[in-house]
Amino acid sequence: MIIKTQKAILSSEITDPLIFKQRRQIIKALAGSLLVGKGITSVRAGEKAPWDHLPKADVLTKALSVTSAELVKNHTNYYEFTFNKADATTLAQSLPTDPWSIEISGEVEKPGVYHLEDILSQQSLQEYIYRFRCVEAWSMVVPWIGFPLASLLKTVKPLSGAKFVQFTTLYDPKIMPKQRDNAMLEWPYVEGLRMDEAMHPLTLLAVGMYGDSLPKQNGAPLRLVVPWKYGFKSIKAIVKIELLNKPALTTWNKMAPSEYGFYANVNPDVPHPRWSQNSERQLGGSFFTPRRQTELFNGYADQVASLYGDMDLRRFF
Ligand SMILES: Nc1nc2c(c(=O)[nH]1)N[C@H]1C(S)=C(S)[C@@H](COP(=O)(O)O)O[C@H]1N2
Ligand SMILES: [Mo]
């Protein structure tokens, strides 16, 4: 029941010149021919997932109502620019995202510096509608456009020594003011996954959302999306991907290990030391909208719980 919505963008459908210009930019950013030629396959609530070897993706049959794009684009966490969720929308516009390249190194057969366009020309982009849960206890549902991280990693051929993957955000204090002014976090922003988490088909590299290229404030041109983990794992503006034989030393975990674990799996039963994680405020709700009950692994337990087998989730939070 995969519904292949041909979401290729036809210029004839578009009347507003501003939208037309935006679309042209995505087409360029998303390696044009790919998007235009093949279209974007969309996976919506009620449809089957694009990965076929997994058991029926129960989670995708629950109705997800997508959060308004305006909210998602104007309520962002991007600490390299600001600690204010509204200001990143304008401040991040100074980030140059084209051209962009990504260094892939470490325990791989084919290390190198890859142009984003070359990476995209080998990947097929799809739309993935995922819940997203910030550790601050707000949540949203976002239609990302991207491809599984696993399909990029396979192209560089991980060696048997690859046990963890470490991701690094651009470091450029001239462009990212908090990298020079704020010493609370160690820059550049670093995140990491265990290899099996990185290879899981739900784990994405996103280059777009809401049918467009990724806004700069949301992590353009390339960000990670790990839907069963707290949002801080989903690192933005990635310039380096390293395959390591030891755990990555991640920014938040280093700053406050008792508050932000390496795993950071969404878990209603493991409170943050200063607040409960049992429920969440959904972006777009009104004053009267009840808080949503937080789900273990953000509702993706059927897909990912097996990664954690007998692990004590309170200890490895
Ligand atoms: N480089 C970088 N990546 C980052 C962050 C950041 O400050 N810098 N914030 C994280 C946090 S805390 C969250 S909740 C998500 C927010 O993604 P969004 O702004 O697109 O909603 O991005 C994560 N990725
Ligand atoms: Mo977050």
Side-chain angles (χ1 to χ4, degrees), residues 66-95 97 100 102 128-146 166-173 175-179 181-182 184-193 203-210 212-241 248 250-256 259-261 264-266 272 274-275 277 280-284 294 298:
V66 168
T67 307
S68 102
E70 281 318 296
L71 284 169
V72 176
K73 291 175 188 176
N74 293 294
H75 179 277
T76 62
N77 275 335
Y78 209 157
Y79 296 116
E80 285 87 340
F81 290 99
T82 171
F83 283 21
N84 175 303
K85 289 179 173 54
D87 292 350
T89 307
T90 41
L91 292 172
Q93 302 316 312
S94 61
L95 180 71
T97 54
W100 191 269
I102 296 126
Y128 296 84
I129 301 172
Y130 283 172
R131 270 191 288 279
F132 188 99
R133 169 64 155 79
C134 174
V135 73
E136 299 160 338
W138 53 267
S139 68
M140 56 192 181
V141 175
V142 182
W144 302 105
I145 297 169
Q166 177 170 302
F167 306 85
T168 307
T169 294
L170 179 74
Y171 180 70
D172 191 338
I175 297 169
M176 295 172 146
K178 295 290 175 207
Q179 289 182 335
D181 304 341
N182 189 283
M184 182 187 92
L185 291 173
E186 211 171 275
W187 308 109
Y189 195 106
V190 171
E191 258 309 331
L193 295 172
T203 304
L204 301 182
L205 285 172
V207 291
M209 62 184 212
Y210 297 91
D212 271 298
S213 56
L214 208 52
K216 294 187 178 187
Q217 66 273 25
N218 295 98
L222 182 79
R223 77 173 295 170
L224 188 67
V225 177
V226 194
W228 72 94
K229 292 179 179 284
Y230 291 121
F232 66 85
K233 299 293 290 183
S234 293
I235 182 173
K236 298 176 174 182
I238 297 168
V239 293
K240 205 194 285 180
I241 300 177
T250 59
T251 299
W252 288 98
N253 186 234
K254 254 181 161 168
M255 190 203 65
E259 299 186 26
Y260 308 104
N265 291 321
V266 175
H272 183 277
R274 289 179 277 126
W275 60 85
Q277 292 293 21
E280 61 208 43
R281 180 177 68 84
Q282 300 174 78
L283 286 194
T294 294
N298 205 21

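Atoms within a ligand are numbered from 1 in the order they appear, just like the ligands themselves.
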Asks: If we only consider heavy atoms of Trp252, is any one of them less than 4.0 Å away from an atom in ligand 1?
Replies: no
Asks: Can you find an N/O atom of Tyr79 closer than 3.5 Å to an N/O atom of ligand 1?
Replies: yes
Asks: Pairs of nitrogen or oxygen atoms closer than 3.5 Å, one from Thr76 and one from ligand 1: do any exist?
Replies: no
Asks: Parallel, tilted or perpendicular: which one describes the rings of Trp252 and Phe232, with boundaries at 30° and 60°?
Replies: tilted
Asks: Which residue and non-hydrogen atom of the protein lie closest to atom 8 (N) of ligand 1, and at what distance in Å?
Replies: Glu80 OE1, 2.8 Å
Asks: What's the separation between atom NZ in Lys236 and atom CG in Leu224, rounded to the nearest 0.5 Å?
Replies: 12.5 Å
Asks: Which heavy atom of the protein is the closest neighbour of atom 20 (O) of ligand 1, given with residue, atom name and distance?
Replies: Arg223 NH1, 2.7 Å
Asks: CG/Leu205 to CH2/Trp144 distance, rounded to the nearest 0.5 angstrom?
Replies: 12.0 Å
Asks: Between Arg131 (side chain only) and Ser139 (backbone N and O only), is there a donor and an acceptor less than 3.5 Å apart?
Replies: no
Asks: What protein heavy atom lies closest to atom 10 (C) of ligand 1? Include the residue and the distance to one decimal.
Replies: Tyr189 OH, 3.4 Å
Asks: With a heavy-atom distance limit of 4.0 Å, tell me whether Asn218 approaches ligand 1 through its side chain, its backbone, both, or neither.
Replies: both
Asks: Evaluate Ser234 for polar contact with ligand 1, using N/O atom pairs at a separation under 3.5 Å.
Replies: yes
Asks: Could you identify the single nearest non-hydrogen protein atom to atom 18 (P) of ligand 1 and state the distance to 0.1 Å?
Replies: Lys236 NZ, 3.5 Å
Asks: May I ask you to identify the nearest protein heavy atom to atom 21 (O) of ligand 1, giving residue, atom name and distance to one decimal place in Å?
Replies: Met140 CE, 3.1 Å
Asks: Contact between His75 and Trp138 at the side-chain level, heavy atoms closer than 4.5 Å - yes or no?
Replies: yes
Asks: Which value, rounded to the nearest 0.5 Å, describes the distance between Ile235 atom CD1 and Thr250 atom OG1?
Replies: 9.5 Å
Asks: Report the distance from atom NZ of Lys233 to atom CG of Asn253, rounding to the nearest 0.5 Å.
Replies: 7.5 Å
